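Have a look at the structure below before the remarks.
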Amino acid sequence: MRIVKIGGAALVRFEEVWASDGLSSSLRSPDTVVVHGGSRHVDELSRKLGVKIKRLTSPSGVTFRRTTKEVLDVYLAAMMRANRELVEFLQVRGINAVGVMGIEHELVIGRRKKLVKAVINGKTVAIRDDYSGTVERINVGALMELRKLGLPVIASVAYDPVENVPLNVDGDKVAYHMALATKARELVFVSDSAFMADGSVVERVNLNELPELLGYAKGGMRKKLMMAAKAVESGVERVVIQGLNGRTVIT
Ligand code: ADP
């Protein structure tokens with residue numbers, strides 16, 4: 001199995017991304033499952049609807065979107081649109097893509113974060129009504145059924161069965177959990193850029209070299225590298241960060 005996660009920035013430039021090395025053949029392979037984000041779609045729809053999305057910073061310095069009930073509605077609609085666009089793109093190219101939201105068939109099970117901490121005007125504030133969550137479990141049985149229909153294309157939205165609500169979850173983490181749950185051989189993060197250090201793409205990284213290179217990565221790239229390390233430690237043979245400028249292979 002191969003899990004291919006397509007990030008928000010890559011989705012809005014998918015024509016270019018599609019042409020990048022090896023991606024189209026991966027997506028034509030019967031052992032692939034696609035997970036996607038949709039950050040740019042969320043930004044665009046919130047602008048159109050006039051729904052302001054606050055960006056907050058956690059005490060550890062990570063920035064995140066505040067997911068109120070209203071923002072959750074925008075998020076769901078935008079993710080559905082991103083899913084449709086990607087499925088249509090693939091279908092036009094002869095790939096039998098089957099689009100689903102992660103909440104359907106309880107494919108991605110999450111848990112709502114009861115408490116989200118943010119630093120606002122220098123003070124740590126506790127937020128209790130946020131609709132973001134952690135990924136708890138992947139329903140592998142439902143995923144295998146879906147694979148019988150075609151290439152699964154899954155929007156990273158989770159379902160919380162305890163509170164019966166959909167949740168905003170991190171797409172990279174959905175892909176990571178899916179790779180582990182399906183004992184995937186390969187995990188591919190498709191983004192706008194491969195991992196860069198000192199102005200050039202790092203083509204190969206071994207697990208033991210990662211700590212010294214981690215300092216070059218910020219934000220989303222840092223998170224991807226840390227997840228790549230955990231994935232390789234857990235038995236995934238290789239993690240690829242595929243960008244428009246090349247690819248980084250982590251083993
Ligand atoms: P996606 O939405 O595609 O999952 P992210 O925004 O999470 O992507 O992560 C990719 C981003 O990480 C890049 O667009 C870039 O701005 C940022 N980044 C930080 N450090 C690096 C680095 N060393 N090499 C490449 N990208 C980096």
Side-chain angles (χ1 to χ4, degrees), residues 2-23 26-27 33-46 53 55-58 60-65 67 71 74-75 78-79 81-83 85-86 89 102 108 132 134-135 153-158 168-179 186-206 209-231 239-250:
R2 175 192 298 108
I3 309 296
V4 177
K5 186 264 176 174
I6 301 168
L11 266 186
V12 290
R13 299 172 69 180
F14 204 66
E15 200 90 47
E16 284 166 80
V17 170
W18 172 251
S20 57
D21 195 23
L23 185 66
S26 287
L27 296 179
V33 170
V34 175
V35 172
H36 68 84
S39 53
R40 304 301 192 279
H41 286 74
V42 173
D43 291 342
E44 190 198 337
L45 186 61
S46 66
I53 303 183
R55 277 169 208 277
L56 300 176
T57 307
S58 75
S60 61
V62 178
T63 55
F64 62 94
R65 287 187 168 84
T67 312
V71 170
V74 174
Y75 171 78
M79 291 300 278
R81 171 137 189 241
N83 189 270
E85 283 177 9
L86 179 55
F89 184 98
V108 182
S132 59
T134 51
V135 180
V153 175
I154 303 162
S156 39
V157 181
N168 175 1
V169 284
D170 184 284
D172 290 341
K173 291 194 178 145
V174 173
Y176 163 80
H177 283 278
M178 208 166 270
E186 189 175 62
L187 170 61
V188 183
F189 292 115
V190 182
S191 188
D192 49 355
S193 175
F195 170 43
M196 309 268 295
D198 269 343
S200 52
V201 170
V202 181
E203 289 178 357
R204 297 200 73 89
V205 185
N206 283 323
E209 302 165 330
L210 201 58
E212 63 196 78
L213 289 169
L214 211 54
Y216 290 103
K218 305 267 171 303
M221 187 55 68
R222 193 179 173 85
K223 185 187 63 187
K224 282 183 217 309
L225 290 175
M226 299 204 319
M227 263 187 292
K230 276 171 64 180
V239 179
V240 179
I241 301 175
Q242 170 103 49
L244 291 164
N245 51 356
R247 50 164 43 194
T248 304
V249 178
I250 301 143

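All ligand and atom numbering here is 1-based and tracks the order in the structure. Bear in mind the structure is a predicted one, so any value in this text is a computation, not a measurement.
- Listed for the Thr248 side chain is a donor-acceptor partner under 3.5 Å among the backbone atoms of Phe195.
- Ion pairing between Lys5 and Asp170 fails under the 4.0 Å rule for side-chain N and carboxylate O.
- Look at Glu44 and Arg40 and you find no salt bridge, because none of the NZ, NE, NH1 or NH2 atoms lies under 4.0 Å from a carboxylate O.
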Dump the pairs for me: ligand 1 N or O, protein N or O, distance under 3.5 Å, to 0.1 Å.
{"from": "ligand 1", "atom 1": "3 (O)", "to": "Ser191", "atom 2": "OG", "distance (Å)": "2.8"}
{"from": "ligand 1", "atom 1": "4 (O)", "to": "Lys5", "atom 2": "NZ", "distance (Å)": "3.0"}
{"from": "ligand 1", "atom 1": "4 (O)", "to": "Lys224", "atom 2": "NZ", "distance (Å)": "2.5"}
{"from": "ligand 1", "atom 1": "7 (O)", "to": "Lys224", "atom 2": "NZ", "distance (Å)": "3.4"}
{"from": "ligand 1", "atom 1": "8 (O)", "to": "Ser191", "atom 2": "OG", "distance (Å)": "3.2"}
{"from": "ligand 1", "atom 1": "14 (O)", "to": "Asp192", "atom 2": "OD1", "distance (Å)": "2.7"}
{"from": "ligand 1", "atom 1": "14 (O)", "to": "Asp192", "atom 2": "OD2", "distance (Å)": "3.0"}
{"from": "ligand 1", "atom 1": "20 (N)", "to": "Lys218", "atom 2": "N", "distance (Å)": "3.0"}
{"from": "ligand 1", "atom 1": "23 (N)", "to": "Met196", "atom 2": "O", "distance (Å)": "2.8"}
{"from": "ligand 1", "atom 1": "23 (N)", "to": "Tyr216", "atom 2": "O", "distance (Å)": "2.9"}
{"from": "ligand 1", "atom 1": "24 (N)", "to": "Met196", "atom 2": "N", "distance (Å)": "2.9"}

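- Applying the ring-ring contact (aromatic ring centres under 6.0 Å, His included) test to Phe89 and every residue at least two apart in sequence or in another chain returns Phe14, Trp18.
- Applying the side-chain contact (heavy atoms from CB on, under 4.5 Å) test between Asp172 and each of His177, Met226, Lys224 identifies Lys224 as the sole match.
- The number of heavy-atom neighbours closer than 6.0 Å to CD of Glu209, taken from other residues, nucleotides and ligands shown, is above 12.
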